[in-house]
Amino acid sequence: MIEAVIAALIGVFAGVGGTYTYDKRRRAGGKHQAEKLVADAKTKASDIVLKAKDEALSMVNDAKKEETERRREWQKTESRLVEREANLDRKLDELDKRSENLRAQEDEVESLKSEIREIRTKQQDKLEKIAGLKKADAAEKLMQMTEKDIKQDLIGLVGKLQNDAQVDADELAQTILVTAMERMSSEVTAERTVTALKLADEEMKGRIIGKEGRNIQALQRATGVDILVDDTPGMIILSSFDPLRRQVARMSLEMLMKDGRIHPGRIEEVVAKAEKEIDKEVTRAGEDAARDVGVVGIPREMLHLLGELKFRTSYGQNVLMHSTEMAHLSGMIAEEIGADVRITKIATLLHDVGKAVTHKLEGKHHHIGAELARKYGMSDEIVHAIEAHHDDIEATTPEALIVRVCDALSAARPGARNISAENFVERMRDLENIALSFGGIDKAYAISAGREVRIIVSPKAIDDLSAIKLARDIANKIESTMQYPGTIKVNVIRETRAIEYAK
């Protein structure tokens, strides 16, 4: 037992001793390795320091070289500046010398001028004494002699140029108008607004009148149109100053006669439906006209008024067709003379738009149309062309003159308007008779298809102020006694002629 314990203790001590020996050896190895690492690190650090010193020396050397080069450049630049400064100083000295020379020469020139003026004055005084005339008098006399010599030549030249210009202008204008008329072909006679409806039988007339006239009274209240059923057998006549109301009444009656149910309730329903249809048709007609002419940008309100002209006639000529035809003609003429085609087409298309509301507003249709165009924001050129297409406003732009010319081309051509030859001659005769009814008038002529009356007065009986008053009085009498489309220009001519005879 004791031996076993002793053996165990010996084993323990032997294990502890072996462990201690191993640890001692390991520490010794680690120390040696550490010393080796330290030595390597010192070697590498020494190498790095040496390399850094070499690089630093290299950079210092480069910097010194660069500084040396810069110093050389600065020295060269300084040398150039010094040389340039010397050149500038030399040039300034030369300029100063030149300035002195010029001042000396100027003084000499002024002195010479003074001498020349004195010599010229002395010579002029001698000439005036010899001629017996002052300078101004001599110049005036010379101008009079020159004017007398060339006056007749100038008058003849001016007259010749005026005649040539007039002939050339007339020929060019005729060529342009004929070309435009040849390119534009349209119907000679236009449609009329329907104002009469044919009845199928007398029974339908009674149904339209209704019991105690209730149906016809309801129709008249709803449409604002007078309906005449007894004037013409088998026909119903619609009478109204408003063409749209008349069209609504026509369409309503056609729908009622086709449906067969005629009573006040149904009448109100049909009239409301007809008004919507007519409104759509009016808008569509205005848009189609603008599309046909080829213009865009017209306000919708103006297009709607333009469409109303489809149901408006002037002496049997449909106003919308008249405006569309004018727009085509004006576009061709504007291209030929270099005017603005778009402004010309829009102005001609809308020139009679005031006729759509003349039954609602007082005034002449061209003034009303211009106010409407101005109200809806159209340009001043278009407004002026619309307002000036009759003679009471002077046309100041080429576009306005084209509108006026095309209006005459479309409205005054044979067959465009239903005016008989007898009525035309009678109206022309009435115009002349009204003018001749005033005193102091030698002759009176109705020209331009009755759009102008030209009056020649006696210069001894009528002076200039009286001629102005006479034109106004004749225009007022024409307005109060005659009915006519558009405007009539009253042109009073007073001419004084001096006649002598050489014997």
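Each residue takes its place number in the sequence, starting with 1. The structure displayed is predicted, hence computed values, not measured ones.
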Novice: Is there a side-chain contact between M251 and E277, using heavy atoms and a 4.5 Å cut-off?
Specialist: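 Of all side-chain heavy-atom pairs linking E277 with M251, at least one is under 4.5 Å.
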Novice: Is it the case that the side chain of E399 and the backbone of D340 share a donor-acceptor pair, with hydrogens and angles ignored and the cut-off at 3.5 Å?
Specialist: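 Confirmed, E399 side chain pairs with D340 backbone.
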Novice: Mind listing the closest non-hydrogen atom pair of V353 and L309 along with its distance?
Specialist: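 Looking at all heavy atoms of both residues, the shortest contact is CA-CD1, 4.0 Å.
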Novice: Where do E495 and P459 come nearest, in terms of heavy atoms and distance?
Specialist: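 Residues E495 and P459, closest heavy atoms: O-CG, 3.4 Å.
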Novice: Check the pair R312 / D352 against side-chain contact (heavy atoms from CB on, under 4.5 Å), numbers first and verdict last.
Specialist: CA-CA 10 Å; R312 174 69 187 262; D352 272 346; over 6 Å; no
Novice: Mind checking the CG-CG spacing from N87 to L92? Nearest 0.5 Å is all I need.
Specialist: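 Here the interatomic distance stands at 11.0 Å.
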Novice: Rounded to the nearest 0.5 Å, how far does CD1 of I493 lie from CD1 of I441?
Specialist: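 Result: 12.0 Å between the selected atoms.
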Novice: Is there a side-chain contact between D463 and S466 in this structure, where contact means two heavy atoms from C-beta onward sitting under 4.5 Å apart?
Specialist: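 The answer is yes; the side chains approach within 4.5 Å.
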Novice: Would I337 and T344 count as a side-chain contact (heavy atoms from CB on, under 4.5 Å) if you check the C-alpha gap in whole Å, the side-chain angles of each, and the deciding distance to 0.1 Å?
Specialist: CA-CA 12 Å; I337 68 173; T344 307; over 6 Å; no
Novice: CD1 of I382 to OH of Y376: how many Å apart, nearest 0.5 Å?
Specialist: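 Output value for this atom pair is 15.5 Å.
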Novice: Give a yes or no on whether the backbone of G307 and the side-chain of R284 come within a donor-acceptor separation of less than 3.5 Å.
Specialist: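 Side chain of R284 to backbone of G307: no pair is present.
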Novice: Would you please test R250 and E254 for salt bridge (charged side-chain N to carboxylate O under 4.0 Å, His left out) and show each step?
Specialist: CA-CA 6 Å; R250 181 192 65 80; E254 288 178 349; 2.8 Å; yes
Novice: May I ask you to decide if A446's main-chain N or O and E432's side chain share a donor-acceptor pair within less than 3.5 Å?
Specialist: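 A pair under 3.5 Å: yes.
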Novice: Test salt bridge (charged side-chain N to carboxylate O under 4.0 Å, His left out) on E94 and K91 and set out the steps.
Specialist: CA-CA 5 Å; E94 293 177 357; K91 289 181 179 179; over 6 Å; no
Novice: Is I298 close to L349 at the side-chain level, that is, under 4.5 Å between some pair of heavy atoms?
Specialist: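 Yes; the side chains approach each other to less than 4.5 Å.
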Novice: Can you check whether L306 reaches M302 side chain to side chain, under 4.5 Å on heavy atoms?
Specialist: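 Answer no - side chains too far apart.
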Novice: Do E479 and N476 come within less than 4.5 Å of each other through their side chains, counting heavy atoms only?
Specialist: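 The answer is yes, as the side chains (C-beta and beyond) meet within the 4.5 Å cut-off.
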Novice: With L305 as reference, evaluate L350, L372, V282 under the side chain to side chain contact (heavy atoms under 4.5 Å, CB included) test and give the passing residue.
Specialist: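 Answer to the side chain to side chain contact (heavy atoms under 4.5 Å, CB included) test with L305 among L350, L372, V282: L372.
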Novice: Under the side chain to side chain donor-acceptor pair (under 3.5 Å) test against R266, which residue among H263, E268, E269 passes?
Specialist: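 For R266, the side chain to side chain donor-acceptor pair (under 3.5 Å) check succeeds only for E269.
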Novice: Between H390 and H365, is the side-chain contact (heavy atoms from CB on, under 4.5 Å) condition met? List the steps.
Specialist: CA-CA 10 Å; H390 286 305; H365 71 276; 3.2 Å; yes
Novice: Quick one: CD1 on I368 to CD on E387, what's the gap to the nearest 0.5 Å?
Specialist: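 Nearest 0.5 Å value for the CD1-CD distance: 11.0 Å.
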Novice: For N318 and K310, indicate whether the former's side chain and the latter's backbone hold a donor-acceptor pair under 3.5 Å.
Specialist: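 Indeed, once roles are kept as given, a pair shorter than 3.5 Å links the two residues.
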Novice: For R246 and F311, which heavy atoms make the closest approach, and how far apart are they?
Specialist: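 Nearest heavy atoms, R246 then F311: NH2-O, 4.4 Å.
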Novice: Between H322 and V319, is there a donor-acceptor pair closer than 3.5 Å when you use the side chain of the first and the backbone of the second?
Specialist: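 Not confirmed, H322 side chain does not pair with V319 backbone.
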Novice: Answer yes or no: is there a donor N or O on one side and an acceptor on the other, between the side chain of R454 and the main chain of I447, under 3.5 Å?
Specialist: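 Flag not set: sc R454 to bb I447 has no pair under 3.5 Å.
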Novice: Between R494 and I462, is there a donor-acceptor pair closer than 3.5 Å when you use the side chain of the first and the backbone of the second?
Specialist: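 Side chain of R494 to backbone of I462: a pair is present.
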Novice: So, for I333 and C406, which heavy atoms are closest and what is the spacing to 0.1 Å?
Specialist: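 Distance-wise, the nearest heavy atoms are CD1-SG, 3.9 Å.
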Novice: Do D288 and R291 pass the salt bridge (charged side-chain N to carboxylate O under 4.0 Å, His left out) test, and can you show the C-alpha distance, the side-chain angles, and the key distance before you say yes or no?
Specialist: CA-CA 5 Å; D288 291 344; R291 191 181 304 110; 2.7 Å; yes
Novice: On a heavy-atom basis, which atom in A334 and which in I402 lie closest, and how many Å separate them?
Specialist: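 Heavy atoms of A334 and I402 come nearest at CA-CD1, 3.8 Å.
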Novice: Counting neighbours of CZ on R300 that are heavy atoms of other residues, nucleotides or ligands and sit closer than 6.0 Å, is the number greater than 12?
Specialist: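 For R300, atom CZ is not crowded (no more than 12 foreign heavy atoms under 6.0 Å).
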Novice: Is there a donor-acceptor pair under 3.5 Å between the side chain of H389 and the backbone N or O of I386?
Specialist: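 Such a contact is found between H389 side chain and I386 backbone.
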Novice: Is there side-chain contact between K477 and S437, with heavy atoms separated by less than 4.5 Å?
Specialist: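 Heavy-atom side-chain distance check passes, below 4.5 Å.
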Novice: Using side-chain heavy atoms (C-beta onward) and a distance below 4.5 Å, is K355 in contact with E308?
Specialist: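 Answer no - side chains too far apart.
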Novice: Side chains of I478 and V453: does their closest heavy-atom pair fall under 4.5 Å?
Specialist: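 Answer yes - side chains close enough.
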Novice: Checking D407 against V403 for the side-chain contact (heavy atoms from CB on, under 4.5 Å) test, could you report, in this order, the C-alpha distance in whole Å, the side-chain angles of both residues, the deciding distance, and whether it holds?
Specialist: CA-CA 6 Å; D407 189 25; V403 175; 5.5 Å; no
Novice: Output the distance between atom CZ (R261) and atom CE (M255), rounded to the nearest 0.5 Å.
Specialist: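 Rounded to the nearest 0.5 Å, the CZ-CE separation comes to 10.5 Å.
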Novice: Taking all atoms of both residues into account, what is the closest heavy-atom pair of K443 and L436, and its distance?
Specialist: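 In terms of heavy atoms, the two residues are closest at C-CD2, 4.3 Å.
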Novice: When rounded to the nearest 0.5 angstrom, what distance separates CG in D292 from CE in M321?
Specialist: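 The distance works out to 10.5 Å.
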Novice: When you measure from the side chain of D279 to the backbone N and O of E275, does any donor-acceptor pair fall under 3.5 Å?
Specialist: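 Looks like no, no N/O pair under 3.5 Å.
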Novice: Donor-acceptor check, side chain of K345 to backbone of V295, threshold 3.5 angstrom: yes or no?
Specialist: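 No: the side chain of K345 does not pair with the backbone of V295.
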